[in-house]
Amino acid sequence: VVSASTWNFQNKAYLLQAEEQFCERNFDVAERLYDAAILSAKTHKFVNEQALSNELAGHFYLDTGRKIKSVNYFMRAFENYNEWGAVAKAASLTKYFEIGDAA
């Protein structure tokens with residue numbers, strides 16, 4: 001059963017592992033895991049989870065001092081949330097768009 005439904009939870013596992021690695025300050029590993037979570041969610045058409053993964057990756061890059069890179073992830077999260085219909089959530093991310101200008 002697990003191998004037959006890997007596509008259903010793979011992105012969630014990657015995201016959880018990314019957050020864990022971020023907390024443990026293993027930034028290189030965390031970076032790869034955020035991107036893996038985003039790709040898995042996109043591949044399996046989980047737009048809401050793609051949005052969440054992009055948003056959390058944005059916070060990761062912001063918190064690790066890579067402000068300009070964080071804006072790219074926040075913008076993708078904004079697009080994903082809008083696509084999913086979470087317009088208010090998307091709007092809440094616009095405050096991060098100016099971060100790159102201030103960097």
Side-chain angles (χ1 to χ4, degrees):
V1 174
V2 171
S3 62
S5 62
T6 300
W7 62 272
N8 197 31
F9 62 83
Q10 182 181 54
N11 66 295
K12 297 170 190 68
Y14 285 145
L15 186 57
L16 183 60
Q17 291 168 2
E19 290 285 288
E20 180 180 40
Q21 293 303 310
F22 178 22
C23 290
E24 293 180 4
R25 306 189 62 76
N26 295 325
F27 298 145
D28 291 338
V29 176
E31 189 171 346
R32 287 192 299 273
L33 287 165
Y34 282 116
D35 287 338
I38 293 163
L39 180 60
S40 177
K42 182 177 182 175
T43 299
H44 299 107
K45 303 192 184 337
F46 293 119
V47 178
N48 58 322
E49 294 174 16
Q50 186 180 351
L52 178 61
S53 296
N54 272 301
E55 180 182 2
L56 292 177
H59 286 292
F60 163 74
Y61 286 111
L62 184 60
D63 290 348
T64 56
R66 293 176 277 178
K67 295 176 182 178
I68 293 172
K69 194 165 186 174
S70 76
V71 172
N72 293 326
Y73 284 87
F74 286 126
M75 290 179 87
R76 284 190 266 169
F78 173 84
E79 292 167 1
N80 296 143
Y81 281 126
N82 272 318
E83 181 182 347
W84 188 48
V87 179
K89 176 60 180 171
S92 75
L93 298 178
T94 59
K95 64 185 172 194
Y96 296 109
F97 295 173
E98 288 124 33
I99 292 171
D101 296 335

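The shown structure was predicted, so the numbers you read here are calculated from the model rather than taken from an experiment.
- The two residues Ala51 and Ala77 have their closest heavy-atom pair at O-CB, 3.5 Å.
- A heavy-atom distance below 4.5 Å is found between the side chains of Lys89 and Glu55.
- Contact detail for Ser70 and Gly58: the closest heavy-atom pair is CB-O, 3.2 Å.
- Counting heavy atoms from C-beta on, the side chains of Asn82 and Val87 come closer than 4.5 Å.
- Between Phe74 and His59 the shortest side-chain heavy-atom distance falls below 4.5 Å.
- Here the closest heavy-atom approach between residue Ile38 and residue Ala57 is recorded as CD1-CB, 4.3 Å.
- Take Asn26 and apply the side-chain hydrogen bond (donor to acceptor under 3.5 Å, both in side chains) test, not counting sequence neighbours, and it matches Gln21.
- Here CG of Asn8 is found 10.0 Å from OG of Ser40. Values are rounded to the nearest 0.5 Å.
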- request: Show the numbers, then the answer: is there a side-chain contact (heavy atoms from CB on, under 4.5 Å) between Val71 and Met75?
  value: CA-CA 6 Å; Val71 172; Met75 290 179 87; 3.8 Å; yes

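- Residues Arg76 and Lys42 have side chains not in contact (no heavy-atom distance under 4.5 Å, counting atoms from C-beta outward).
- There is no path of hydrophobic side-chain contacts, each under 4.5 Å, that joins Val29 to Leu15.
- Expressed to the nearest 0.5 Å, how far CZ of Phe46 lies from CZ of Phe9 amounts to 11.0 Å.
- Asn54 contributes atom CG, which lies 8.5 Å from atom CG of Asp35 (distance to the nearest 0.5 angstrom).
- Ring to ring, Tyr34 and Tyr73 are not that close: their centroids are 6.0 angstrom or more apart.
- Taking both residues in full, the closest heavy atoms of Tyr81 and Ala90 are given as CB-CB, 3.8 Å, listed atom of the first, atom of the second, then distance.
- A distance of 8.5 Å separates NZ in Lys69 from CZ in Phe60, rounded to the nearest 0.5 Å.
- No more than 12 heavy atoms of other residues, nucleotides or ligands sit less than 6.0 Å from atom OH of Tyr14.
- Looking at Leu56 and Glu19, their side chains come closer than 4.5 Å, going by heavy atoms from C-beta outward.
- Between the CG atom of Asp63 and the CZ atom of Phe22 there is a distance of 4.5 Å, given to the nearest 0.5 Å.
- Note that the CG atom of Leu39 and the CD atom of Gln50 stand 9.0 Å from one another [nearest 0.5 Å].
- Linking Ile, Leu, Val, Met, Phe, Trp and Tyr whenever their side-chain heavy atoms come within less than 4.5 Å puts Tyr61 and Leu93 in one cluster.
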